[in-house]
Amino acid sequence: MRRARRRRIVRGTLAGIAGGLAASWVMNLFISSVGEKLTESLMSDEDRIRQQAKQEEQQQNGRVEEDATMKVAEDVAHTVSGGQHLSHEERKKAGPVVHYVFGGLLGGLYGALAECSTWTSVGFGTVFGAVLFAAADLSAVPALGYGPSVTEQPVKMQATPLAAHLVYGATTDLVRRAIRAAA
């Protein structure tokens, strides 16, 4: 009995990893297409002026805006290499790797939990996506200094990241279920 349960959990974990990797890719597609349009539609003229001023200030100061995954890649490389830093181009290439590793690992966790619990079936992965958004984007990223806090951004600017995480959760669950049904 234990052996069968363990085998089921391993299969669920592997299906979840596959789901998380696929979902990370779908999430990127969503952000670059629908997400950008959603963000643009929610921005007021004041938001656009503020964003343009911020970009101009960064250019004048020689800084380039980096997302959280690029910052994590830099920290990991710095720690692993014993103090070496990545160039901006290297961080740009390593950022997506961080995103896929994180997405795959969390998909694996979700897949394992799906084999042990019924809560994962609620919302077909969207609850998982919403919890991930709250835990990562709203809590961990600001707490670790990888991005601005929730209070530093208009609430409406969280619509695209939230929607992207809902897409991630639903895709993870869909792929995980398909793989488990085929196995």
Side-chain angles (χ1 to χ4, degrees), residues 13 16-32 35-36 38-39 42-43 47 50-51 53-113 119-120 123 125-173:
T13 301
I17 290 170
L21 291 170
S24 296
W25 179 70
V26 171
M27 182 180 182
N28 285 343
L29 289 177
F30 174 84
I31 290 170
S32 66
E36 288 178 2
L38 176 60
T39 299
L42 293 172
M43 289 178 77
D47 293 331
R50 199 174 308 124
Q51 183 182 36
K54 182 180 175 185
Q55 289 171 345
E56 288 172 4
E57 178 188 340
Q58 288 173 342
Q59 286 176 342
Q60 288 174 352
N61 294 333
R63 290 184 298 159
V64 180
E65 184 69 25
E66 295 187 348
D67 67 22
T69 60
M70 293 169 71
K71 294 173 184 176
V72 170
E74 166 62 23
D75 284 354
V76 168
H78 182 74
T79 302
V80 171
S81 71
Q84 298 221 1
H85 293 281
L86 298 176
S87 69
H88 176 71
E89 286 304 312
E90 290 170 327
R91 288 190 299 274
K92 234 169 130 174
K93 290 176 183 173
V97 173
V98 168
H99 187 251
Y100 283 103
V101 167
F102 189 68
L105 289 174
L106 286 173
L109 176 63
Y110 179 76
L113 290 173
W119 74 267
T120 55
T126 58
V127 172
F128 168 61
V131 168
L132 179 56
F133 169 72
D137 282 33
L138 298 182
S139 300
V141 167
L144 296 170
Y146 294 130
S149 72
V150 178
T151 58
E152 295 173 18
Q153 306 175 58
V155 172
K156 63 186 173 188
M157 298 315 289
Q158 294 301 325
T160 296
L162 173 59
H165 282 84
L166 296 176
V167 166
Y168 168 85
T171 305
T172 300
D173 191 59

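What you see below is based on every heavy atom in this structure, not just the backbone, and it leaves out hydrogens, waters and symmetry mates.
Residues forming a side chain to side chain contact (heavy atoms under 4.5 Å, CB included) with Ala22 (at least two apart in sequence, or on another chain): Val175. For the side-chain hydrogen bond (donor to acceptor under 3.5 Å, both in side chains) test, residues two or more places apart in sequence or in another chain that qualify with Thr69 are Asp67. Residues passing the ring pair (Phe, Tyr, Trp, His ring centres under 6.0 Å) test with Tyr110 are Phe128, sequence neighbours excluded. Gln84 is linked by a side chain to side chain contact (heavy atoms under 4.5 Å, CB included) to Ser81, counting only residues two or more places apart in sequence or in another chain. Annotation: side-chain hydrogen bond (donor to acceptor under 3.5 Å, both in side chains) contacts of Thr151 (sequence neighbours excluded): Ser149. Partners of Val150 under the side chain to side chain contact (heavy atoms under 4.5 Å, CB included) rule, at least two apart in sequence or in another chain, are Leu138. Listed by chain and residue number, nothing satisfies the side chain to side chain contact (heavy atoms under 4.5 Å, CB included) test with Lys93 (two or more places apart in sequence, or in another chain).
Every pair passing ring pair (Phe, Tyr, Trp, His ring centres under 6.0 Å) that includes a residue from residues 130-160 is listed here, sequence neighbours excluded: Phe133-His165. Applying the salt bridge (Lys or Arg N to Asp or Glu O under 4.0 Å) rule to pairs touching residues 70-79 yields Glu74-Arg91, sequence neighbours excluded. For residues 95-105, the pairs satisfying side-chain hydrogen bond (donor to acceptor under 3.5 Å, both in side chains) are Asn28-Tyr100, with sequence neighbours left out. The salt bridge (Lys or Arg N to Asp or Glu O under 4.0 Å) pairs that include a residue from residues 158-173 are Asp173-Arg176, Asp173-Arg177, where partners are two or more places apart or lie in different chains.
Residues Thr172 and Gly16 approach most closely at CG2-O, 4.2 Å, considering heavy atoms. Taking all atoms of both residues into account, the shortest heavy-atom contact from Val141 to Ala68 is CG1-CB, 4.0 Å. Between Ala164 and Met27, the shortest heavy-atom distance links the atoms O-CG, 3.6 Å. For the pair Ser24 and Gly104, the tightest heavy-atom approach, listed with the atom from each and the gap, is OG-N, 4.5 Å. The two residues Leu86 and Ala94 come nearest to each other via the heavy atoms CD1-CB, 4.4 Å. Closest non-hydrogen pair, Pro142 versus Asp137, comes out as CD-O, 3.3 Å.
Counting heavy atoms from C-beta outward, Val76 and Val98 have side chains that stay 4.5 Å or more apart. Between Leu105 and Ile17 the shortest side-chain heavy-atom distance does not fall below 4.5 Å.
No donor-acceptor pair closer than 3.5 Å links the side chain of Ser139 to the backbone N or O of Ala136. With hydrogens and angles ignored, the 3.5 Å screen pairs no side-chain donor or acceptor of Thr171 with any backbone N or O of Tyr168.
Atom NE2 of residue His88 and atom CD of residue Glu66 lie 5.5 Å apart, to the nearest 0.5 angstrom.
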Criterion side chain to side chain contact (heavy atoms under 4.5 Å, CB included) on Leu132 and Phe102, from CA distance to verdict: CA-CA 11 Å; Leu132 179 56; Phe102 189 68; 4.0 Å; yes
